[in-house]
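Working notes, structure below.
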Amino acid sequence: EDQVTQSPEALRLQEGESSSLNCSYTVSGLRGLFWYRQDPGKGPEFLFTLYSAGEEKEKERLKATLTKKESFLHITAPKPEDSATYLCAVQDQGNTGKLIFGQGTTLQVKP
Amino acid sequence: EPEVTQTPSHQVTQMGQEVILRCVPISNHLYFYWYRQILGQKVEFLVSFYNNEISEKSEIFDDQFSVERPDGSNFTLKIRSTKLEDSAMYFCASSFDQFGAFFGQGTRLTVV
């Protein structure tokens with residue numbers, strides 16, 4: 001059964017203090033791994049797609065990396081506006097587009 | 001920028017009543033989905049829909065749920081005889097190529 005586990009559940013950073021969020025996954029055959037940002041009371045907002053081990057994607061202060069068992073979302077010099085819940089999801093091969101989500105990491109960046 | 005639109009943003013209903021949640025997916029997308037998120041819990045897959053048929057549904061998507069694409073732009077989720085445990089955020093999502101998805105802002109359903 002496909003499974004996604006994110007850690008830590010919550011993370012508090014000072015503005016400018018870099019850190020990483022982890023997403024561990026178990027999937028029969030990975031078609032893609034996705035990172036989303038979710039603000040309170042809102043829908044998930046797409047950030048990155050990663051397809052294969054070794055791949056990296058960057059967007060502003062965020063960089064996502066992928067290995068065969070996990071993905072990291074690195075946040076460099078975060079700002080208060082980066083405060084949100086970051087969701088990781090996987091899609092396996094042969095399914096109908098279904099995404100399996102982790103429980104998310106809630107990031108708070110203090111000025 | 002194209003987006004998935006959901007209405008209403010908040011729906012309050014009496015237990016046992018029927019509700020219809022509405023979505024307008026991104027216009028050139030072909031694959032449509034419903035997910036739900038109970039407060040404090042994971043986003044959970046409900047159903048995927050393609051070519052006017054359900055492609056896959058989860059165990060949650062039992063006989064009280066149904067989906068429909070009544071015209072070329074709308075995609076609906078109907079919940080018959082709502083229960084207290086149906087209270088959640090319901091997200092519609094769409095994709096062009098069955099890979100990943102773009103999500104709407106959600107409908108908060110409160111069953112009282």
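This one's a predicted model, so the numbers in the text were calculated from it and none came from an experiment. Chain A is the first sequence line, chain B the second, and so forth, proteins listed ahead of strands; every chain is numbered from 1.
Against chain A, no residue from residues 12-31 of chain B qualifies, as none has a non-hydrogen atom under 4.5 angstrom away. The stretch residues 102-112 of chain B places B:Phe102, B:Phe103, B:Gly104, B:Gln105, B:Arg108 near chain A, each with some heavy atom under 4.5 Å from a heavy atom of that chain.
Atom CD of A:Glu81 has more than 12 heavy atoms from other residues, nucleotides or ligands within 6.0 Å. Shown here is A:Lys57, whose NZ atom has more than 12 heavy atoms of other residues, nucleotides or ligands within 6.0 Å. The environment of B:Asp63 atom CG is sparse: at most 12 non-hydrogen atoms of other residues, nucleotides or ligands sit within 6.0 angstrom. The number of heavy atoms from other shown groups lying within 6.0 Å of CG (B:Leu39) does not exceed 12. More than 12 heavy atoms of other residues, nucleotides or ligands sit less than 6.0 Å from atom CZ of B:Arg80. Atom CD of B:Glu53 sits in a sparse spot, with 12 or fewer heavy atoms from other residues, nucleotides or ligands closer than 6.0 Å.
Heavy atoms of B:Ser55 lying under 4.5 Å from chain A belong to its backbone as well as its side chain. Neither the backbone nor the side chain of B:Tyr50 comes within contact range of chain A; no heavy atom of the residue lies under 4.5 Å from a heavy atom of that chain. With a 4.5 angstrom heavy-atom cutoff, B:Gln37 touches chain A only via side-chain atoms.
The candidate from A:Pro44, A:Ala89, A:Gly102 with the greatest count of non-hydrogen atom pairs under 4.5 Å with chain B is A:Pro44.
No chain of hydrophobic side-chain contacts below 4.5 Å, direct or via other Ile, Leu, Val, Met, Phe, Trp or Tyr residues, connects B:Tyr90 to A:Ile100. In the hydrophobic clustering of this structure, B:Val4 groups with B:Tyr33; members are Ile, Leu, Val, Met, Phe, Trp, Tyr whose side-chain heavy atoms approach within less than 4.5 Å, directly or through other members. Hydrophobic clustering, with ILVMFWY side chains joined whenever heavy atoms are under 4.5 angstrom apart, groups A:Val109 together with A:Trp35. A:Leu47 and A:Leu13 fall within the same hydrophobic cluster, where Ile, Leu, Val, Met, Phe, Trp and Tyr residues are linked whenever their side-chain heavy atoms come under 4.5 Å apart, directly or through other members. Note on A:Leu107 and A:Leu73: same hydrophobic cluster, where clusters join Ile, Leu, Val, Met, Phe, Trp and Tyr whose side-chain heavy atoms are under 4.5 Å apart, directly or indirectly.
Rounding to the nearest 0.5 angstrom, the gap separating the CD atom in A:Glu45 from the CD atom in B:Glu3 is 11.0 Å.
At a threshold of 4.5 Å between non-hydrogen side-chain atoms, the residues B:Lys42 and A:Gln6 do not count as touching. Taking the side chain as every heavy atom from C-beta outward, B:Val43 and A:Tyr36 never approach each other to under 4.5 Å.
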Show your reasoning for whether side chain to side chain contact (heavy atoms under 4.5 Å, CB included) applies to B:Phe99 and A:Thr49. CA-CA 9 Å; B:Phe99 185 64; A:Thr49 305; 3.5 Å; yes
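The list of disulfide (SG to SG under 2.5 Å) pairs with a residue in residues 24-77 of chain A, not counting sequence neighbours, is empty. Within the structure, the side chain to side chain donor-acceptor pair (under 3.5 Å) test picks out the following pairs touching residues 13-25 of chain A (sequence neighbours left out): A:Ser20-A:His74, A:Asn22-A:Ser24, A:Asn22-A:Glu70.
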